[in-house]
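Take a look at the structure below.
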Amino acid sequence: DTNTAHGKAFDFILNRDKRKLNGDDRHLIQRFVLTLIFYAMGGTDETDPKSYHTSTYGRGGWDSDTVHFLTGLHECHWVKKSLEDHFWGILSIESEIDQRVGVTKCNEDMEVTELRLADLNLVGFLPEEIKWLSTLESLDMQNNHLAGPIPKSLGDLDDLRYLSLDGNNFSGSIPDVFTGLMNLERVYLNFNEFNGAMPTSLCYLRESGILEDLWSDCGGYPITCTCCTVCCDMVA
């Protein structure tokens, strides 16, 4: 169904991708997942003959030129310099400020290790298929309009060190799926619409000394958290 994000991504890979990977290419799934993320977050593709030029979610969104997504280049080159880098110096996983958005780092096997889509006015959702970017170390989606629950499949990203979902409209309870993420150092979940208690798996990582930073909206309501390093009050 090409009215859905999954259908649009499949159609692109099958019919419109200039790179035209073989079915047994080791990067095919990675390329599909990144394409799916693009469409799931309101992306519109200028090369699409069906002209998806209106965001499914009614506001915001981005086009393929924003971060060079959906080009014929390898997906490790789906990246572009950003003008919105003022906040990254505070929370960046790297010592220097990285002024790019998109696929900001891959390993020597051309597998994605950093994905930064912050401050792009994105709308939509974060798909469960994120788990197939299995070498991901840093995921930065801060300051957009993403909504719905966060996927439980985040708990499958064993190499994840940095997770920034703050400043969105994610809702529901935070899934208790982080027990196996023994490399996780920083998690930012504040300024969303979560409720309930901080999951025990994140508190375990915090109390064991692995997780250095854990931010959430626990300065009044609606999150209960006894292990957070910073409790925001939904305003400041």
Side-chain angles (χ1 to χ4, degrees), residues 1-17 19 21 27-71 75-76 78-80 82 84 101-104 111-136 138-157 160 163-172 174-175 177 188-189 192-194:
D1 182 358
T2 53
N3 291 316
T4 68
H6 289 78
K8 291 176 185 179
F10 184 81
D11 178 66
F12 173 81
I13 292 294
L14 188 65
N15 297 315
R16 291 182 292 110
D17 188 359
R19 195 166 178 83
L21 299 182
H27 293 125
L28 179 61
I29 292 177
Q30 173 175 272
R31 195 169 180 87
F32 171 77
V33 172
L34 290 168
T35 303
L36 172 59
I37 288 172
F38 172 79
Y39 283 119
M41 297 180 181
T44 55
D45 178 13
E46 296 294 329
T47 69
D48 189 345
K50 296 181 181 178
S51 298
Y52 300 118
H53 298 309
T54 303
S55 170
T56 305
Y57 302 93
R59 59 174 184 169
W62 52 324
D63 60 48
S64 51
D65 185 58
T66 302
V67 289
H68 291 163
F69 265 50
L70 310 191
T71 67
E75 57 275 11
C76 283
W78 287 0
V79 62
K80 195 171 185 178
S82 172
E84 299 287 345
V101 287
V103 179
T104 52
E111 298 167 324
V112 177
T113 59
E114 288 188 11
L115 181 62
R116 179 179 288 121
L117 298 174
D119 298 292
L120 291 175
N121 201 31
L122 305 184
V123 294
F125 64 97
L126 182 60
E128 289 281 347
E129 286 83 356
I130 189 74
K131 69 179 181 181
W132 297 115
L133 300 182
S134 57
T135 56
L136 204 61
S138 177
L139 178 62
D140 187 351
M141 299 286 180
Q142 67 173 287
N143 298 333
N144 287 296
H145 307 287
L146 303 176
I150 59 174
K152 293 181 179 179
S153 62
L154 287 177
D156 295 328
L157 296 174
L160 198 64
L163 176 63
S164 179
L165 302 179
D166 48 304
N168 281 284
N169 301 313
F170 290 113
S171 59
I174 301 167
V177 295
Y188 303 101
L189 302 173
N192 279 289
E193 300 175 10
F194 294 122

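Residues take their numbers from the sequence shown, with the count starting at 1.
- Between atom CG of residue Leu126 and atom CG of residue Leu36 there is a gap of 9.5 Å, rounded to the nearest 0.5 Å.
- Note: Leu165 CG to Leu146 CG = 8.5 Å, rounded to the nearest 0.5 Å.
- Ring pair Phe194/Phe170 is parallel by interplanar angle, where below 30° counts as parallel and above 60° as perpendicular.
- Annotation: the span from Met141 atom CE to Ile37 atom CD1 amounts to 5.0 Å, rounded to 0.5 Å.
- Across Gln142 and Asn168, no two heavy atoms sit closer than the pair CA-ND2, 4.0 Å.
- A pairwise comparison of heavy atoms in Val103 and Glu75 identifies CG2-O, 3.4 Å as the closest pair.
- Every residue two or more places apart in sequence or in another chain that forms a side chain to side chain contact (heavy atoms under 4.5 Å, CB included) with Thr4 is listed here: Asp1, His6.
- In plain terms, the two heavy atoms of Asn192 and Gly167 that are nearest each other are ND2-N, 4.0 Å.
- Between Trp78 and Thr35, some side-chain heavy-atom pair lies under the 4.5 Å cut-off.
- Here the CG atom belonging to Leu122 is positioned 9.5 Å from the CZ atom belonging to Phe38, to the nearest 0.5 angstrom.
- Asp17 pairs by the salt bridge (charged side-chain N to carboxylate O under 4.0 Å, His left out) definition with Arg31, not counting sequence neighbours.
- Of all heavy-atom pairs spanning Leu34 and Phe69, the tightest one is O-CE2, 3.6 Å.
- Nearest heavy-atom pair, Asn144 versus Ala118, reported as atom, atom and distance to 0.1 Å: ND2-CA, 4.0 Å.
- Between Glu111 and Leu136 there is no side-chain heavy-atom pair separated by less than 4.5 Å.
- Listed by chain and residue number, Glu128 satisfy the side-chain hydrogen bond (donor to acceptor under 3.5 Å, both in side chains) test with Ser153 (two or more places apart in sequence, or in another chain).
- Judged by distance alone, the side chain of Asp11 and the main-chain N or O of Ala9 form no donor-acceptor pair under 3.5 Å.
- Summarising the geometry, atom NE2 belonging to His145 is positioned 4.0 Å from atom CG belonging to Asn121; distances are rounded to the nearest 0.5 Å.
- The shortest non-hydrogen separation linking Pro151 to Pro127 is CG-O, 4.0 Å.
- A heavy-atom distance below 4.5 Å is not found between the side chains of Leu157 and Leu163.
- Counting non-hydrogen atoms of other residues, nucleotides and ligands closer than 6.0 Å to CD1 of Ile29 gives a total of 12 or fewer.
- Remark: Glu129 pairs with no residue by the salt bridge (charged side-chain N to carboxylate O under 4.0 Å, His left out) rule, at least two apart or across chains.
- Here the side chains of Asp119 and Val101 are not in contact, with every heavy-atom distance at 4.5 Å or above.
- In terms of the side chain to side chain contact (heavy atoms under 4.5 Å, CB included) criterion, residue partners of Phe10 (sequence neighbours excluded) are, by chain and number, Leu14, Phe32.
- In this structure Thr135 satisfies the side-chain hydrogen bond (donor to acceptor under 3.5 Å, both in side chains) test with no other residue, sequence neighbours excluded.
- To the nearest 0.5 angstrom, Asp140 atom CG is 8.0 Å from Leu117 atom CG.
- Side-chain contact between Leu139 and Leu133: absent, with no pair of heavy atoms (C-beta onward) separated by less than 4.5 Å.
- The pair Asp45-Lys8 does not meet the salt-bridge criterion, since no charged nitrogen lies less than 4.0 angstrom from a carboxylate oxygen.
- The side chain to side chain contact (heavy atoms under 4.5 Å, CB included) search around Val177 returns Lys152, Pro175, not counting sequence neighbours.
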